[in-house]
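No hydrogens, no waters, no symmetry mates; every other heavy atom, side chains included, goes into these values.
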Amino acid sequence: MNEEIINNIASNQKQEEEKAEEKNKITWLIFSINDKKYAIKSSEVHEIIRDLTVYKLPFLPSYIEGVINRRGDPFTVINPLSIIDSMETPPPDSSLFLILKRSDDQLSLHISDILSFYDIEESDVHLIPNGDKEELYLGTIDYNKEEIPALNSDAFELILRKDFGNA
């Protein structure tokens, strides 16, 4: 009887340890923009959409390509390379967009391809020391023996707010 209770306790402890290990993992979406790999937390992506027309708008910064119509709602299309490279970089050839999960804005990133969803231990993310929410990069992650930049989705909204005021 006592041995059965001890085995149950040990089994419960093992299950709790496994759950704790699962909680420390973060799923990242690995994608490319013109053959360069990037990562973003999958929890920050609402939807991935393909084959939509980008409607150009005049008199906007070069990193804003225009808007897409997603089920009747307009989403601002951002060319991340124009921000990352700090110059007018042409958008990707593909028509693939990451719709970001935002409570107050409708933003999308124009990307080239989805590579994978990748689970990684939270401790294996190389965060930028003393980074803040305005930084474009959170840090880097190791993916297939390659260190790739992890983007901060909040930074894109903050860049827009700086350029247009808090409208």
Side-chain angles (χ1 to χ4, degrees), residues 15-52 54 61-71 73-86 89 91-164 166:
Q15 288 174 350
E16 287 177 18
E17 288 172 4
E18 289 173 357
K19 286 180 183 177
E21 286 179 18
E22 288 177 10
K23 289 180 183 175
N24 292 334
K25 287 199 174 196
I26 299 173
T27 302
W28 292 84
L29 172 62
I30 310 299
F31 61 96
S32 66
I33 306 173
N34 296 345
D35 298 325
K36 176 87 169 124
K37 295 178 184 133
Y38 298 94
I40 193 168
K41 289 180 185 177
S42 64
S43 62
E44 296 176 355
V45 176
H46 179 68
E47 191 174 0
I48 302 166
I49 296 181
R50 180 178 298 281
D51 298 330
L52 290 177
V54 177
S62 62
Y63 64 87
I64 299 176
E65 293 179 28
V67 295
I68 55 175
N69 181 350
R70 181 186 153 267
R71 299 183 194 114
D73 291 324
F75 280 76
T76 304
V77 177
I78 295 174
N79 176 1
L81 287 184
S82 287
I83 296 170
I84 293 167
D85 291 340
S86 299
T89 305
D93 290 337
S94 71
S95 178
L96 188 61
F97 306 94
L98 294 181
I99 304 295
L100 299 180
K101 199 179 281 184
R102 314 293 311 159
S103 60
D104 57 347
D105 279 321
Q106 295 175 302
L107 299 178
S108 65
L109 301 180
H110 193 170
I111 65 169
S112 298
D113 198 12
I114 299 292
L115 302 176
S116 71
F117 285 91
Y118 184 63
D119 289 329
I120 186 172
E121 294 283 332
E122 190 172 353
S123 60
D124 291 337
V125 177
H126 311 288
L127 296 175
I128 295 173
N130 301 323
D132 61 20
K133 66 179 185 176
E134 293 184 24
E135 296 283 334
L136 186 58
Y137 299 106
L138 293 172
T140 61
I141 64 170
D142 295 323
Y143 174 72
N144 290 342
K145 299 179 183 177
E146 186 178 355
E147 195 169 24
I148 62 173
L151 296 177
N152 176 6
S153 68
D154 291 336
F156 295 104
E157 180 180 345
L158 291 171
I159 290 167
L160 280 171
R161 290 191 183 282
K162 280 182 183 177
D163 285 348
F164 295 102
N166 285 329

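To the nearest 0.5 angstrom, Ile30 atom CD1 is 3.5 Å from Ile148 atom CD1. We find the CD1-CG distance between Ile33 and Leu98 to be 8.0 Å, quoted to the nearest 0.5 Å. We find the OG-CD1 distance between Ser108 and Ile78 to be 7.0 Å, quoted to the nearest 0.5 Å. The NE2 atom of His46 lies 13.0 Å from the CG atom of Leu107; values are rounded to the nearest 0.5 Å. Atoms CD1 and CD1, on Ile26 and Ile120 in that order, are 8.0 Å from each other to the nearest 0.5 Å.
Taking all atoms of both residues into account, the shortest heavy-atom contact from Tyr137 to Ile128 is O-CD1, 3.3 Å. The two residues Asn152 and Glu135 come nearest to each other via the heavy atoms ND2-O, 2.9 Å. For Ser62 against Ser82, the heavy-atom pair with the smallest separation is O-OG, 4.1 Å. Contact detail for Pro149 and Thr140: the closest heavy-atom pair is CA-CG2, 4.2 Å. Closest non-hydrogen pair, Glu65 versus Val54, comes out as O-CG1, 3.7 Å. The minimum heavy-atom distance linking Trp28 with Lys41 is given by the pair CE3-N, 3.4 Å.
Annotation: side chain of Ile111 is not in contact with side chain of Tyr38 (no heavy-atom distance under 4.5 Å). Residues Ile40 and Ser153 have side chains in contact (heavy-atom distance under 4.5 Å, counting atoms from C-beta outward). In this structure, Leu138 and Val125 have side chains that are not in contact, with every pair of non-hydrogen atoms separated by 4.5 Å or more. Counting only heavy atoms from C-beta outward, the side chains of Phe117 and Val45 never approach each other to under 4.5 Å. Put simply, the side chain of Asp142 reaches to within 4.5 Å of the side chain of His126, judged on heavy atoms. Looking only at side-chain heavy atoms (C-beta outward), Gln106 and Arg70 stay at 4.5 Å or farther from each other. Contact annotation: the side chain of Leu100 never approaches that of Phe75 to less than 4.5 Å [non-hydrogen atoms, C-beta and beyond]. Side-chain contact between Phe31 and Lys37 is absent, with no heavy-atom pair separated by less than 4.5 Å.
A donor-acceptor pair under 3.5 Å links the side-chain atoms of Ser112 to the main chain of Asn34, judged by distance alone. For His110 (side chain) and Ser94 (main-chain N/O), a donor-acceptor pair under 3.5 Å exists by modelled atom type. Using modelled atom types, no side-chain atom of Ser42 and backbone atom of Leu29 make a donor-acceptor pair closer than 3.5 Å. Judged by distance alone, with hydrogens and angles left aside, the side-chain atoms of Asp113 form no donor-acceptor pair with the main-chain N or O of Leu115 at under 3.5 Å.
Looking at residues two or more places apart in sequence or on another chain, you find no ring pair (Phe, Tyr, Trp, His ring centres under 6.0 Å) involving Tyr63. Residues that satisfy the ring pair (Phe, Tyr, Trp, His ring centres under 6.0 Å) test with Tyr143, not counting sequence neighbours, are Tyr118.
Salt bridge Arg102/Asp154: present, at least one basic N to carboxylate O contact under 4.0 Å.
Remark: Asp35 CG is loosely packed, at most 12 non-hydrogen atoms of other residues, nucleotides or ligands lying under 6.0 Å away.
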Original post:
For Val77 and Leu52, what are the C-alpha separation, side-chain angles and deciding distance, and is it a side-chain contact (heavy atoms from CB on, under 4.5 Å)?
Top reply: CA-CA 11 Å; Val77 177; Leu52 290 177; over 6 Å; no
